[in-house]
Amino acid sequence: MSTNVSQNESNGFYKLNWAQRIGFGSGDLAQNLIFQTVACYLMLYLTTVLKISPAFVSGLILAVRLLDCIWSPVVGRYIDNNNPKLGKYRSYLLYGGIPLTVAACLLMLPQVAEWSYTMKIIYATVSYTLLSMIYSVVNIPYGSIMASMTRDNDEVLKLTSTRMVCANIGQIIVQAGFPIGLALVINEAVNWNQALFMAIGTIPAFVILPSLPALKSMFGKKGLYYLLLSIGFVGFVILYIIGKFFDVAELNVLVQTAKVMTGVGLLVGSLMWALVPEVITEAEYRTGNRPAATVNALAGVAFKAGFSVAGFITPLVMGWVGFNLASEASALPTAPKAWFTVTSIFALAGFVLLFYCFKGCKERIATTPEKPVTYGEMFKEFAANKCLQLMICIFIVVFLASFISAPVNAYYPKLADYSESSKEAILWFTTVIPACLLIVVGYLIYKYPLTDERLDEMNREIEARNK
């Protein structure tokens, strides 16, 4: 038995211990302390604290993401073509982690609230653009680390589940902790129902993700995805019916239960990261190169595309239907110093966790091509790789479903405070649109061709070829 294990590990099918898995996962927890702050609360900060026009905010979010579509492939190409002394991928947890922490702290500088409207716009544009660009320098190589630790599909699944548990810990800390933190900083009573609604959809991750190997064995990869999406769809339907025809406050237990169900459906977004190493393997099988950072860069673009489309549509369309985020009563406190304090705490904690991730990861399958990867080759690979195209489409839609409701969730528990037209806008963005997008995700997963059996065959052929 030990001989077989040793032979498998020499072929790249490394077995990992829990210290390595948790060390890797802590990097996702770190990044989510910053990313979830931006995804869930930046739009509210810009519109309700700085009073910047929602139309400008939507344009800013879209413009920064379009810039990222250019920037992320640049970062991916650079990482694939270079090999720093501290590790091909893990080095950037330190090289990018320090400026990322500083940029996150400066994103909500309290003095900006006293500046002129023009200066607010300039500062918001510069600070958000820099933060987004630096985030890519950390996020892209971090995603590549997983593909460099082992070829073993079971280990990749365990890495993914550990990573996503850590990511969801970060998500629940931010989504519940941010409104709680704001209230505590300004000595205001905490709205516990609101904080619970913001975060409770993350709870299923802590039950389902550790059970992924067993659930996958029971339902199959696609069968598991379909089950989760169906539960999420029903949860969104229940939330819509309650918000449309009943008093949300009177049915709080049912509301929170339905929110948990929606979290089950949106959890598919976390599972999609397991597809990234699969697509990298498929590319290596066809071309002989292992473009880990390039594929992660394109996955990151798709991930951020879903987020950016959500950030663009939400304030703009809500304004069209009569709900102006800058002029309506805010669902959260608007004290600038409180926003800065909470954001800075999350950013500093994130850096400590990035350092822990750097210490805990071990790269074993990391290659630098003899001939540098060109941009033309990157896009040629995208055009040739059907699995990559499908994966990117899945990423865009599933994360659009996740983030289109994120900034508006704070308003759902307070539906009774708003006009009928405002209620309708809130319901569409918290229930109807995400439910429709889950259906699209199910169709795209149906079209995805790679099975675990085929991936094992590819990995063994690659190792045999390399010998």
Side-chain angles (χ1 to χ4, degrees), residues 9 12-36 87 89-90 92-93 97 138-175 199 201-219 221 224-225 228 263-264 266-281 292 296 299-300 303 349-350 352-366 395 398-399 402 452 455:
E9 293 205 340
F13 291 79
Y14 297 103
K15 298 297 181 182
L16 307 174
N17 59 44
W18 277 106
Q20 292 169 315
R21 295 171 192 146
I22 293 172
F24 172 69
S26 64
D28 223 320
L29 169 54
Q31 292 171 84
N32 264 277
L33 292 178
I34 295 174
F35 181 79
Q36 290 294 330
Y89 306 120
R90 60 197 284 268
Y92 300 93
L93 300 178
V138 175
N139 181 254
I140 290 170
Y142 169 76
S144 305
I145 292 173
M146 184 163 65
S148 75
M149 294 176 74
T150 181
R151 293 186 185 278
D152 191 302
N153 281 326
D154 290 334
E155 288 297 331
V156 169
L157 185 62
K158 291 175 184 176
L159 271 178
T160 301
S161 61
T162 305
R163 172 189 181 180
M164 289 301 110
V165 166
C166 291
N168 279 277
I169 290 173
Q171 185 174 336
I172 200 170
I173 289 173
V174 173
Q175 292 186 356
T202 309
I203 296 298
F206 303 107
V207 178
I208 295 173
L209 290 175
S211 308
L212 269 183
L215 291 171
K216 183 181 174 184
S217 176
M218 187 181 305
F219 297 103
K221 181 164 66 178
L224 177 59
Y225 292 157
L228 299 181
V264 172
L266 295 175
L267 186 60
V268 170
S270 296
L271 304 186
M272 289 302 100
W273 292 104
L275 301 184
V276 175
E278 297 183 5
V279 172
I280 292 169
T281 294
N296 271 280
F303 168 65
V352 174
L353 289 164
L354 281 177
F355 183 77
Y356 179 71
C357 179
F358 169 80
K359 298 290 288 184
C361 290
K362 187 174 182 180
E363 299 171 357
R364 287 161 161 163
I365 310 168
F395 265 64
V398 74
F399 288 111
S402 297
D452 289 341
L455 284 164

Taking all atoms of both residues into account, what is the closest heavy-atom pair of [X] and [Y], and its distance?
X      : Y      : value
Tyr92  : Pro141 : CB-CG, 3.5 Å
Leu267 : Ala205 : CD1-CB, 3.8 Å
Leu93  : Cys357 : CD1-SG, 3.6 Å
Ile172 : Ala199 : CG1-CB, 3.6 Å

To the nearest 0.5 angstrom, please state how far the [atom1] atom of [X] sits from the [atom2] atom of [Y].
X      : Y      : atom1 : atom2 : value
Ile22  : Asn17  : CD1   : CG    : 9.0 Å
Ser211 : Met218 : OG    : CE    : 9.0 Å
Ile208 : Met164 : CD1   : CE    : 14.0 Å

Exercise. Between Arg21 and Leu16, is there a donor-acceptor pair closer than 3.5 Å when you use the side chain of the first and the backbone of the second?
Worked result: yes
Exercise. Does the side chain to side chain contact (heavy atoms under 4.5 Å, CB included) test come out yes or no for Asn32 and Ile169, once each step is laid out?
Worked result: CA-CA 9 Å; Asn32 264 277; Ile169 290 173; over 6 Å; no
Do [X] and [Y] touch side chain to side chain, with heavy atoms closer than 4.5 Å?
X      : Y      : value
Glu155 : Gln20  : no
Phe206 : Asn168 : yes
Trp18  : Thr162 : yes

Problem set entry | Stepwise side chain to side chain contact (heavy atoms under 4.5 Å, CB included) test for Tyr142 and Leu354 | CA-CA 10 Å; Tyr142 169 76; Leu354 281 177; 5.9 Å; no
